[in-house]
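All values below come from the heavy atoms of this structure, side chains included, with hydrogens, waters and symmetry mates left out. Bear in mind that the values here come from a model prediction, so they are computed numbers and not experimental data.
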There are 2 protein chains.
Amino acid sequence: MNIQSITIKDIAKALNLSYSTVSRALKGSYQISEPVREKVLAYAREHNYRPNLLAQSLKNKNSRCIGVVLCTIPNSFLGEVINGIESIASSKGYLVIITQTNESLENEKKALDQLTMRAIDGLLISVSTETRDVKHLEPYHERGLPIVFFDRICAGLPTHLVQSDNEGGAFELTKHLLDQGYKRIAHITSPTHLAMTQERLKGYRRAYREAGLSVKEDLLKHCAHGGAIVAEVEQALDELFSLPEPPDAILAASDRMTQSSFQYLRRTGKNIPEDVALAGFSNFSAPELFSPALTTVVQDAFEMGKRAAGLLIERIEKKHKPFDPEKIVLPVQLQVRASTQQTITK
Amino acid sequence: MNIQSITIKDIAKALNLSYSTVSRALKGSYQISEPVREKVLAYAREHNYRPNLLAQSLKNKNSRCIGVVLCTIPNSFLGEVINGIESIASSKGYLVIITQTNESLENEKKALDQLTMRAIDGLLISVSTETRDVKHLEPYHERGLPIVFFDRICAGLPTHLVQSDNEGGAFELTKHLLDQGYKRIAHITSPTHLAMTQERLKGYRRAYREAGLSVKEDLLKHCAHGGAIVAEVEQALDELFSLPEPPDAILAASDRMTQSSFQYLRRTGKNIPEDVALAGFSNFSAPELFSPALTTVVQDAFEMGKRAAGLLIERIEKKHKPFDPEKIVLPVQLQVRASTQQTITK
DNA sequence: TTGAAAGCGGTACCAC
DNA sequence: GTGGTACCGCTTTCAA
């Protein structure tokens, strides 16, 4: 479909000018006489001239589009990240194209294919749970596509990274739970090969260590699809509560895992926080409206989007200058609410 | 940025063929000899040939992209609609480009501009609260851009519409509240000029009428930004609870309004459902986890996306055939929970 | 069956 | 300052 009204050639013919003159006039080129410029601009305005961005992109080899790859759009955390990205991108005149992986590496590759065939100027990516390395990204990186990782970063490419303080968040949350007297804190999280998972585990372990306690490995559960499938979270919980010593607290690694755990506990008649405490990395918009109100580690999603987009666009626009890969770690915020506060000490 | 490896011309030169032959071979054109075709395909595969979609689009005047315009991405209802759209679009090989209006007509126009300059093949749009007519869409429609309205439809264009049964949903919810003994049901909703608002009001009024009661007009509150701004919802509630006869129930028209109302009631110490009942059009993923569990009218968001995308792509692919504008009204589902069930009758 | 060439809409180099 | 023209990568008509 092409909704083009008139082209540069039409203007040139109508005004008896050459294509190049019209093109220059339209771009406000310095050396075009005032009268000609005005004539062109007036005609263009009057006939509602609109440049064909496809043609421009083809010629200029840039599209003023940035591609975003993430696992899923309907997600309170990622939704806000997207808004952060858009706020920066649109202010700089970039269109944002979002693609979803649904946690599949296959889809991730397809998305990259689609995006790059359309000549995006840069890429923001939060990898899928299935992604173990950056092999599929290397060809693009080598050809000069600016890439910035956000949220779920993946090592191996000398480029910018923007993420939350996963280690710190997990540490604080675990410490809080231990302080509240919970001792058997189950951690439901993503596959170990993800850097994010490792970082959170590190914080979790550090809190135990600093409390002089040892981690029970059977309380660590990894969901292959990062909680995207409710059944995998339920299975993890089934296993946890079948243990000789079941957990007295659940630390979930994402919105989806937190919610599925919540529903599970509710359904199986466990009282929160008396029987089991529940807390998670979560950006629900109203965690205080849950019953009980939910303790969360909140990430600055909007800021993450802004920073990632900012770094990406900077790289795009200083294309040929070398740069130092930056790693931005955004602070997270522990919000303690009723779901982890027991009145009596165990 | 262009991540192109090799072009058709490269292949042609390497194989000593003409551009056109290569182009045809790549497309599997019928009249290309088997050996030539295989040679081209093999070479292309080996050298990782990837077509330049921009060039194809420029030439073919179609881009296999569809544009989506909606108010905001981080929204549980619209997020699911997007997924519905993507499920159909990607299965048919279309890339989806989503743009947000944030409830501003100005942004809506800009988004349309961006999308059409990039030659989208079709448009899915849920208009902003500020949008009163389709004037800004007419030029595109007239030039042949297939358009399908979804969710917030806007009359005036002979095209497909996909929406929820707003009238029925509001009717059922209001009837339910009346049945529960609530008499002064406040309705917090969007501006009256939106068709959706009118339809819901119609259902609301019908329920009152059928119950033999008359509607108190001072219980109807319209939020100019559709609830996007928390303050406007709070102001509406302030006004409602300053009335000589304050409401005993709140019927909110969207997720955002429902949530803001919930927070307001909580903050001002009103008990739900004893002091005030609360219910709304809402697609929260876990309304049962709220305290109290929330009565909702749930829309089939995913289906809405699927149907809208399906109709659009059908129109795109049968471009020149005439068509009958269809209006699809999807059923909604009333889910009664604790927030509207009082134990004692007033 | 294959090739030559024009053209999609714009840009930019090179002349004048 | 302005014009002529080649070219971005691909498609397609027309000829051979």
Side-chain angles (χ1 to χ4, degrees), chain A residues 1-41 43-44 47-65 116-121 143-144, chain B residues 1-41 43-44 47-65 116-121 143-144:
Chain A
M1 181 59 238
N2 205 325
I3 306 297
Q4 186 124 16
S5 34
I6 56 170
T7 73
I8 280 191
K9 303 195 179 180
D10 295 324
I11 302 182
K13 281 171 200 154
L15 265 38
N16 238 308
L17 293 166
S18 74
Y19 305 159
S20 31
T21 303
V22 175
S23 174
R24 282 187 279 243
L26 252 16
K27 303 220 100 55
S29 167
Y30 35 113
Q31 38 201 15
I32 286 285
S33 70
E34 195 58 8
V36 171
R37 227 202 51 200
E38 279 180 4
K39 209 166 56 171
V40 171
L41 257 37
Y43 190 92
H47 291 77
N48 190 33
Y49 166 76
R50 308 179 51 208
N52 183 323
L53 263 35
L54 253 38
Q56 283 187 169
S57 298
L58 180 60
K59 181 69 189 169
N60 300 340
K61 301 195 170 310
N62 78 344
S63 61
R64 290 200 91 76
C65 276
T116 53
M117 284 197 302
R118 289 175 199 274
I120 50 168
D121 292 345
R143 287 178 188 286
Chain B
M1 183 59 236
N2 206 325
I3 308 297
Q4 185 122 18
S5 34
I6 55 170
T7 72
I8 280 190
K9 301 192 182 179
D10 295 324
I11 302 182
K13 280 171 202 153
L15 265 37
N16 238 308
L17 292 167
S18 74
Y19 308 158
S20 29
T21 303
V22 175
S23 172
R24 282 188 277 244
L26 252 15
K27 302 221 100 56
S29 169
Y30 36 113
Q31 38 201 17
I32 287 284
S33 69
E34 195 58 8
V36 170
R37 227 202 50 199
E38 280 180 4
K39 206 166 57 170
V40 170
L41 256 37
Y43 190 92
H47 296 265
N48 189 31
Y49 167 75
R50 309 177 51 207
N52 182 323
L53 264 33
L54 253 37
Q56 283 187 171
S57 298
L58 180 60
K59 181 67 191 170
N60 299 342
K61 299 194 174 311
N62 78 342
S63 61
R64 289 199 92 75
C65 275
T116 53
M117 284 196 302
R118 289 175 197 273
I120 50 169
D121 291 345
R143 286 178 188 286

Euclidean distance, atom [atom1] of residue [X] to atom [atom2] of [N] [Å, nearest integer]:
{"X": "B:Leu58", "N": "C:dC8", "atom1": "CG", "atom2": "P", "value": "9 Å"}
{"X": "A:Met117", "N": "D:dC10", "atom1": "CE", "atom2": "C1'", "value": "14 Å"}
{"X": "B:Arg50", "N": "D:dC10", "atom1": "CZ", "atom2": "C1'", "value": "16 Å"}
{"X": "A:Leu54", "N": "C:dT11", "atom1": "CG", "atom2": "P", "value": "13 Å"}
{"X": "A:Arg118", "N": "D:dC8", "atom1": "CZ", "atom2": "P", "value": "22 Å"}
{"X": "A:Ile8", "N": "C:dC8", "atom1": "CD1", "atom2": "P", "value": "13 Å"}
{"X": "A:Arg64", "N": "C:dG10", "atom1": "CZ", "atom2": "P", "value": "17 Å"}
{"X": "A:Asn62", "N": "C:dT11", "atom1": "CG", "atom2": "P", "value": "11 Å"}

**Request:** Could you tell me the separation between the NZ atom of A:Lys9 and the NZ atom of A:Lys13, rounded to the nearest 0.5 Å?
**Result:**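 Here the interatomic distance stands at 7.0 Å.
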**Item:** Spacing of B:Leu53 atom CG and A:Ser63 atom OG [to the nearest 0.5 Å]
**Value:**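 So the CG of B:Leu53 and the OG of A:Ser63 are separated by 12.0 Å.
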Ignoring hydrogens and angles, answer whether the base of [N] and the side-chain atoms of [X] contain a donor-acceptor pair closer than 3.5 Å.
{"X": "A:Ser20", "N": "D:dG4", "answer": "yes"}
{"X": "B:Lys59", "N": "C:dG7", "answer": "yes"}
{"X": "A:Arg24", "N": "D:dG3", "answer": "yes"}

**Message:** Regarding A:Thr21 and A:Ser18, do their side chains bring together a donor and an acceptor under 3.5 Å, going by distance alone?
**Reply:**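 There is such a pair (donor and acceptor under 3.5 Å, judged by atom type) between the side chains of A:Thr21 and A:Ser18.
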**Request:** Answer with yes or no whether the side chains of B:Thr116 and A:Arg50 bring together a donor and an acceptor at under 3.5 Å.
**Result:**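 Yes, B:Thr116 and A:Arg50 have a side-chain donor paired with an acceptor closer than 3.5 Å.
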**Item:** For B:Tyr43, ring-ring contact (aromatic ring centres under 6.0 Å, His included) partners two or more places apart
**Value:**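 For B:Tyr43, the residues satisfying ring-ring contact (aromatic ring centres under 6.0 Å, His included) (neighbours in sequence not counted) are B:His47.
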**Request:** Using a heavy-atom cut-off of under 4.0 Å over every strand shown, decide if A:Asn16 touches base, sugar-phosphate, or nothing.
**Result:**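 Sugar-phosphate, backbone atoms only, no base.
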**Request:** Mind checking B:Lys27 for me? I need base, sugar-phosphate or nothing, with any heavy atom below 4.0 Å counting as a touch.
**Result:**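 Touches sugar-phosphate only.
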**Item:** 5'-most by nearest nucleotide on DNA chain C - B:Ile32 or B:Ala55
**Value:**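 The answer here is B:Ile32.
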From C-beta outward on [X], which listed nucleotide comes closest to its side chain: [options]?
{"X": "A:Tyr19", "options": "D:dG3, D:dT11, C:dT11", "value": "C:dT11"}
{"X": "B:Asn52", "options": "D:dC10, D:dT11, C:dT2", "value": "D:dC10"}
{"X": "B:Ser33", "options": "C:dT1, D:dC8, C:dG10", "value": "C:dT1"}

**Message:** Heavy-atom nearest nucleotide on DNA chain D for A:Lys9 versus A:Leu17: which residue maps closer to 5'?
**Reply:**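 So the residue in question is A:Leu17.
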**Prompt:** Hey, which of these two, A:Ser18 or B:Leu53, hits DNA chain D nearer its 5' end, going by closest nucleotide?
**Reply:**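 Closer to the 5' end of DNA chain D: A:Ser18.
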**Request:** Considering just the side-chain nitrogens and oxygens of B:Gln56, establish if one lies under 4.0 Å of OP1 or OP2 belonging to D:dT11.
**Result:**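 It does, given that an N or O in the side chain of B:Gln56 lies less than 4.0 Å from OP1 or OP2 of D:dT11.
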**Prompt:** Does the side chain of B:Thr21 get closer than 4.0 angstrom to OP1 or OP2 of C:dG3 through an N or O atom?
**Reply:**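 For C:dG3, OP1/OP2 do have a side-chain N/O of B:Thr21 under 4.0 Å.
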**N/O donor-acceptor pair under 3.5 Å between A:Asp121 side chain and A:Arg64 backbone** =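 Checking the backbone N and O of A:Arg64 against the side chain of A:Asp121, a donor-acceptor pair under 3.5 Å is found.
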